[in-house]
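The figures here come from the full heavy-atom set of this structure, side chains too, leaving out hydrogens, waters and symmetry mates. Every value quoted in this text rests on a predicted model; they were computed, and no experiment measured them.
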Amino acid sequence: MAPPLGLRDTSRPLRGRGEMLHRLETAFRSAGARRTQVLCGMGGCGKTAVALEMAHRRADMGERVWWIDARQGGSLEAGFRAVARQAGATEEQLSCGDAADVLWLCLTHFPSPWLLVVDNADDPTLLDGPGSLPAGTGWLRPHASPVGNVLVTSRDSNSGTWGSMCSLNPVHPLTGEDITDAVQILLDYAPGQAGSVADAHRLATRLGGLPLALGLAGRYLAEVNQVPTAYRDPSTPTDFFSYERALAADLRHVDPANVIGRTWAMSVRLLEKRGDSCARLLLEVIATFADAPLPYTLVLTPNTLTEAGDLAQLDGPGLWKLLTALAGFGLLDLVESEPGAGGVPTARLHPLVRDATWNQQSLSACISTLHCAAMTDETGTPEEAVYWNHWRLLQPHGHYLFQKAKSEGVSENAMLEATEVALLAARYLHAHGMYQQARAEFEAVLAHERDHLGETHKDTIATRHRLAQVLHDQGELKQARAEYEAVLDYDREHLGEANQDTLTIRHDLAIVLHDQGELEQARAEYEAILTLRRELLGETHRSTLSTRHELARVLHDQGELEQAQAEYEAILTHERELLGEANPAVLVTRHNLARVWHDQGNLEEALADFEAVLEHKQEQLGETHPDTLGTRHELARVLQEQGELEQARAEYETVLAHERVHLGETHPETLTTRHNVASLLEAQGDLEGAREEYEAVLALRRKHLGEAHNRTLSTRQNLACLLYEQGELEQARTEGEAILALRREQMGDTHPDTKRTVAWLRSLDIEA
């Protein structure tokens, strides 16, 4: 049967398939029994184009090339019979014997080099013919011809389908390192008239590097740009950018013939024909999730798909059979573990398969499925670092389905479930130290709850509390305080003074007061809360220990170091017994106890504990989590005081770089690190560099913390000391006296910081 070779368009080479063609050439030249080479992959990825190029090359070399279309059983058999005749079989042989036996007898002894291409064998059962394809007794068989080769194209990439005589050659879309070839396909069709290389790159990425879609887009733009402007519809996409925008709005705008949709539909019909009747439904469910890796072992299980129609009737093996069948046809990729996913297997859908398959009717089922997955013990809670690998994958789907539920309209129960999962996802972002993203997600949920539940609904109040916590961690102390105070007013009125939610709000508000420098007010609050928690919960309850811990922090900042140390050590004893050595609460207490040791001058013990805590935090939270950075910062302070200036500077600079990215330039912790970098520059003799840093930090601390905050005064005093070193004696004295007056007013005469200021002024022969 003659191949559909025609004329090649040599101006548009087969982009991105050079390595594939080289592998095929190598396989065709190998000695011994020939293996059938199968090009397999999703519809539209270019299998037939590769086969055509190989057919052209072989024909150019003078080989005999036969091409059979395998889409229909009748034409398939007719094609094999025609090849047998052209290979030397007589009508009598074909009518009397097994046609497949005759075919391979003739091909094995055919004297000239030959290539047999079987295209579009998407339903390989048609190749069974008189026997079995995998057993080598069907229409395709092992052969010993030294000059013959067989090439098959199929969407089915399951090795069990083809048997041992076949070698599978996956043909993937042009993504990753091959994206430049995808870009070039667009530019080949529309050179210089459809936009920049950067625009072509964005469109190629949006099309998932799929050659079918790339060719469709390139030809579309080439044809459109040949039409005079006066005859074009103004809304017609004419360049890569507008094509991508039209694609995002509706796939039909740029594919009115539904070529892409029909391509996937063919694969699904083949699966249904094989008995996988739920293939379409499962594909629609997967397509309704976000365009992100889907942790299918968490989300797509018999326990989570209870509201997903016929899928609810499937057991585990049945679901796995469907997933592998869809993957076998290239409709989705099953990835053993995404980078950073901690071994959780995921499914990825091609973006155009998603566009063509997305079904609004599946939205509620997807929300219910994700809600079930998010609430299971296996998924865990988003605050526990051990489950972050799960929540890293669930988070984008939670927020995507929440936004879709709002825009598409779902039942009240589905909206409630979508909101609950979105809140869990935001909590993961917060716990993971991704404060800006968490804030945006909490604000989105809060806006929805205010509109649909009202300002004083308990769920609205709970989300305001979560938002206040994020604002606090972002260093937005005034805004956090306002939110806490509003929530506290509600809780006191509706829940009472001794309710646990009320006490939690009071506790969190006291932390803000502490961080704003209002130490006496914070201490009074902690003491009142601690009395109630001891009475209601007992001495060793985690909430009681948490308040006791915060009270110890105040004692530390008030200069009562021995009392703070005793408190931390008592708390640590309880926490180790209740939680274990590596629990995050234990690590925080060890961190703060080490800070006390540092301030007491016990540098060796402080260094050892900071190093131990840092190792745990790096393992549990990662290198860039704010809590990890905090411990690394304290470790650098100890190194600086031990005289290890270069090592301390390297630590500070690393911490500062991460804090600027993750916390922002004006966050209190970023400013603290800059303050300490300035002190290190001063110790290294770089007085101008240190002064510049102190002045910048002081301006920001005055603005965000106020003139009398202890951190502001610390920077101001360090700057005054530097001024004195630089010979600006009168300005240094004036600054020192002003600082001392504020310290006495805020902290009293016995606070260590006040005493240090007094000692410094006396060293300058100033009466303090």
Side-chain angles (χ1 to χ4, degrees), residues 475 517 595 598-599 601 603 607 626 629-630 632-743 746 752-766 768:
R595 289 182 66 243
H598 171 246
D599 290 351
L603 298 185
L607 181 65
L629 298 177
R632 197 167 176 183
H633 173 269
E634 292 299 326
L635 180 62
R637 286 182 63 216
V638 177
L639 292 170
Q640 181 179 347
E641 293 201 23
Q642 288 181 321
E644 303 286 350
L645 301 187
E646 288 300 327
Q647 190 177 349
R649 182 169 182 171
E651 285 295 298
Y652 280 139
E653 289 175 347
T654 300
V655 170
L656 183 58
H658 288 309
E659 286 177 338
R660 280 175 157 148
V661 171
H662 295 284
L663 300 178
E665 192 65 53
T666 62
H667 193 281
E669 297 306 320
T670 307
L671 296 179
T672 296
T673 305
R674 288 186 68 182
H675 170 100
N676 288 329
V677 167
S679 73
L680 189 143
L681 292 173
E682 184 181 359
Q684 291 181 314
D686 184 2
L687 302 188
E688 286 301 324
R691 179 170 180 170
E692 184 179 339
E693 274 297 282
Y694 280 138
E695 288 173 342
V697 172
L698 180 58
L700 290 168
R701 281 185 160 173
R702 278 174 159 152
K703 178 179 179 181
H704 294 282
L705 298 177
E707 190 67 53
H709 195 284
N710 191 42
R711 291 185 178 184
T712 307
L713 295 176
S714 294
T715 302
R716 192 173 174 185
Q717 182 166 329
N718 280 26
L719 179 57
C721 293
L722 182 60
L723 292 172
Y724 186 83
E725 286 184 67
Q726 291 183 311
E728 301 182 28
L729 308 186
E730 287 304 318
Q731 188 176 350
R733 288 189 178 96
T734 301
E735 280 293 287
E737 289 169 347
I739 293 163
L740 180 58
L742 286 168
R743 286 203 188 279
Q746 295 295 318
D753 289 343
T754 307
K755 291 179 179 179
R756 277 191 286 271
T757 304
V758 169
W760 174 64
L761 288 171
R762 285 177 177 167
S763 73
L764 306 183
D765 296 327
I766 299 173

_Applying salt bridge (Lys or Arg N to Asp or Glu O under 4.0 Å), can you list everything that pairs with R649, at least two apart in sequence or on another chain?_
E653

*asked:* Does anything in residues 700-714 form a salt bridge (charged side-chain N to carboxylate O under 4.0 Å, His left out)? List the pairs, not counting sequence neighbours.
replied: E669-R711, R702-E707, E707-R716

*asked:* So, taking the atom named OG1 in T757 and the one named CD in Q717, what distance separates them when rounded to the nearest 0.5 Å?
replied: 3.5 Å

*For the atom pair OG1 (T712) and CG (L705), what is the distance rounded to the nearest 0.5 Å?*
5.0 Å

*Test log, rule side-chain contact (heavy atoms from CB on, under 4.5 Å), inputs L719 and E735*: CA-CA 9 Å; L719 179 57; E735 280 293 287; 5.8 Å; no

*Ignoring hydrogens and geometry, is there a side-chain-to-backbone donor-acceptor pair from T734 to E730 under 3.5 Å?*
yes

_Pairwise distance CG(L671) to CG(N676) - rounded to 0.5 angstrom_ = 11.5 Å

*How would you list, by chain and number, every residue that makes a salt bridge (Lys or Arg N to Asp or Glu O under 4.0 Å) with E688, sequence neighbours excluded?*
none

_Qualifying ring pair (Phe, Tyr, Trp, His ring centres under 6.0 Å) pairs, either residue in residues 716-741, two or more places apart_ = none

*Residues in salt bridge (Lys or Arg N to Asp or Glu O under 4.0 Å) with E659, at least two apart?*
none

*asked:* Quick test of your reading of the model: are E737 and R733 salt-bridged, counting only N-O distances below 4.0 Å?
replied: no

*Begin with the C-alpha distance, continue with both residues' side-chain angles, and end with the deciding distance and a verdict on side-chain contact (heavy atoms from CB on, under 4.5 Å) for R756 and R743.*
CA-CA 10 Å; R756 277 191 286 271; R743 286 203 188 279; over 6 Å; no

*With distance as the sole test, does T670 use its side chain to make a donor-acceptor pair with the main-chain N or O of T666 at under 3.5 Å?*
no

*When rounded to the nearest 0.5 angstrom, what distance separates CD in E651 from CD in E644?*
11.5 Å

_Give me each pair satisfying ring pair (Phe, Tyr, Trp, His ring centres under 6.0 Å) with a member in residues 637-680, each pair once, sequence neighbours excluded._
H633-Y652, H675-Y694

*What distance separates L680 CG from E693 CD, expressed to the nearest 0.5 Å?*
11.5 Å

